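If you read the sequence from its start, that first residue is 1, and numbering goes on from there. As the structure is a computational prediction, the values presented were derived from the model and not from experiment.
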Amino acid sequence: MSDAPPPTPAEAFETLLAGNERFVASTPEHPNQDAVRRAETAPGQRPFAVLFGCSDSRLAAEIIFDRGLGDLFVVRTAGHVAGPEVLGSIEYGVTVLDCPLVVVLGHDSCGAVAATRDALTDGIGTAGFVRDVIERVTPSVLSARAAGLTSNEDIVAEHIRHTVDLLVNRSKVLADQIEAGRTAVAGLYYRLADGRAEVVTTRGLPEGAGTR
């Protein structure tokens with residue numbers, strides 16, 4: 001592994017978005033996906049970003065952002081709902097692995113958001129632990145409603161913002177990292193049809209970061 005210092009939060013963010021641009025344009029470079037990289041990363045990992053995204057099968061992080069082995073520390077749950085295990089994993093990424101960037105990745109046509117809207121509107125219930133997912137998404141949907149937001153796109157964006165706020169508010173470790181300028185958090189909205197990841201909100205990044 002290289003002894004070079006980790007990138008700054010802004011540099012890590014630009015690297016991530018540049019990979020998404022290549023993916024959108026169908027000009028991927030497929031970096032760090034060969035035997036050399038496999039050997040380099042076998043002794044240890046130094047990812048440049050924690051990627052916390054929805055478990056949806058269409059959100060394969062390394063493909064969407066054109067990255068490879070050892071680049072991203074990926075955590076995924078349905079609807080990117082965050083419990084203690086998620087918070088602990090993210091804190092591990094930013095403190096032990098020195099990741100300068102945390103990304104929350106949501107997307108259009110999110111099943112967890114749709115199920116939550118149905119539960120709140122029509123009283124359609126669910127069985128098992130899926131109910132827990134819906135309960136964790138509910139505050140986002142209610143917040144969107146209170147703000148007069150009705151479209152699926154706006155509600156998903158609100159859920160992304162809510163998740164970013166939850167991570168920073170619940171994790172003092174992450175909040176301290178942001179305050180010290182060592183880590184930033186970005187919420188991105190992924191569009192399934194064209195593959196583009198758009199910035200919804202950021203914490204700890206320069207104003208205008210991610211503008212494309």
Flag, side chain of [X] to backbone of [Y], donor-acceptor distance under 3.5 Å:
{"X": "Asp154", "Y": "Thr150", "result": "no"}
{"X": "Ser143", "Y": "Pro139", "result": "no"}
{"X": "Arg136", "Y": "Val81", "result": "no"}
{"X": "Gln33", "Y": "Arg67", "result": "yes"}
{"X": "Arg76", "Y": "Asp56", "result": "yes"}
{"X": "Thr202", "Y": "Leu205", "result": "no"}
{"X": "Asn152", "Y": "Ala114", "result": "no"}

Open item on the list: Is there a side-chain contact (heavy atoms from CB on, under 4.5 Å) between Leu51 and Leu101? Walk through the geometry before answering.
Closed with: CA-CA 8 Å; Leu51 197 294; Leu101 179 67; over 6 Å; no
Atom of [X], atom of [Y] and distance for their closest heavy-atom approach:
{"X": "Ser109", "Y": "Arg58", "value": "O-NH2, 3.8 Å"}
{"X": "Ala157", "Y": "Val200", "value": "O-CG1, 3.8 Å"}
{"X": "Asp66", "Y": "Gly19", "value": "CB-O, 3.5 Å"}
{"X": "His80", "Y": "His159", "value": "CE1-CD2, 3.2 Å"}
{"X": "Ala197", "Y": "Leu17", "value": "O-CD2, 4.4 Å"}
{"X": "Val133", "Y": "Ala78", "value": "CG1-O, 3.8 Å"}

Does the side chain of [Y] come within less than 4.5 Å of [X]'s, by heavy atoms?
{"X": "Gln177", "Y": "Glu91", "result": "no"}
{"X": "Cys54", "Y": "His107", "result": "yes"}
{"X": "Val168", "Y": "Ile178", "result": "yes"}
{"X": "Pro47", "Y": "Leu72", "result": "no"}

Could you measure the distance from the [atom1] atom of [X] to the [atom2] atom of [Y]? Nearest 0.5 Å is fine.
{"X": "Glu179", "Y": "Leu174", "atom1": "CD", "atom2": "CG", "result": "12.0 Å"}
{"X": "Cys99", "Y": "Arg46", "atom1": "SG", "atom2": "CZ", "result": "10.0 Å"}
{"X": "Thr183", "Y": "Arg203", "atom1": "OG1", "atom2": "CZ", "result": "13.5 Å"}
{"X": "Tyr190", "Y": "Asn20", "atom1": "OH", "atom2": "CG", "result": "7.5 Å"}
{"X": "Leu166", "Y": "Leu87", "atom1": "CG", "atom2": "CG", "result": "6.5 Å"}
{"X": "Thr138", "Y": "Arg145", "atom1": "OG1", "atom2": "CZ", "result": "9.5 Å"}

- [ ] Decide, yes or no, whether a salt bridge links Asp71 with Arg37 under the criterion of side-chain N to carboxylate O below 4.0 Å.
- [x] yes
Should [X] and [Y] be counted in the same cluster of Ile, Leu, Val, Met, Phe, Trp and Tyr side chains packed under 4.5 Å apart?
{"X": "Val164", "Y": "Val113", "value": "yes"}
{"X": "Phe52", "Y": "Phe48", "value": "no"}
{"X": "Val199", "Y": "Phe65", "value": "yes"}
{"X": "Ile160", "Y": "Leu188", "value": "no"}
{"X": "Phe23", "Y": "Val74", "value": "yes"}

TODO: Dump the intermediate steps for side-chain contact (heavy atoms from CB on, under 4.5 Å) on Arg131 and Ile134, then the final yes or no.
DONE: CA-CA 5 Å; Arg131 184 183 299 110; Ile134 288 177; 5.6 Å; no
Task: Steps toward side-chain contact (heavy atoms from CB on, under 4.5 Å) verdict (Val141, Leu120) - done: CA-CA 9 Å; Val141 177; Leu120 292 173; 3.7 Å; yes
Task: Steps toward side-chain contact (heavy atoms from CB on, under 4.5 Å) verdict (Leu105, Tyr189) - done: CA-CA 6 Å; Leu105 183 65; Tyr189 185 114; over 6 Å; no
Open item on the list: Heavy-atom count check: over 12 atoms from other residues, nucleotides or ligands less than 6.0 Å from Ile63 CD1?
Closed with: no
- [ ] Please check if atom CZ in Arg191 has more than 12 non-hydrogen atoms from other residues, nucleotides or ligands closer than 6.0 Å.
- [x]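 Atom CZ in Arg191 is crowded, with more than 12 foreign heavy atoms closer than 6.0 Å.
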- [ ] Answer yes if the side chains of Ser140 and Glu158 hold a donor-acceptor pair under 3.5 Å, and no otherwise.
- [x] no
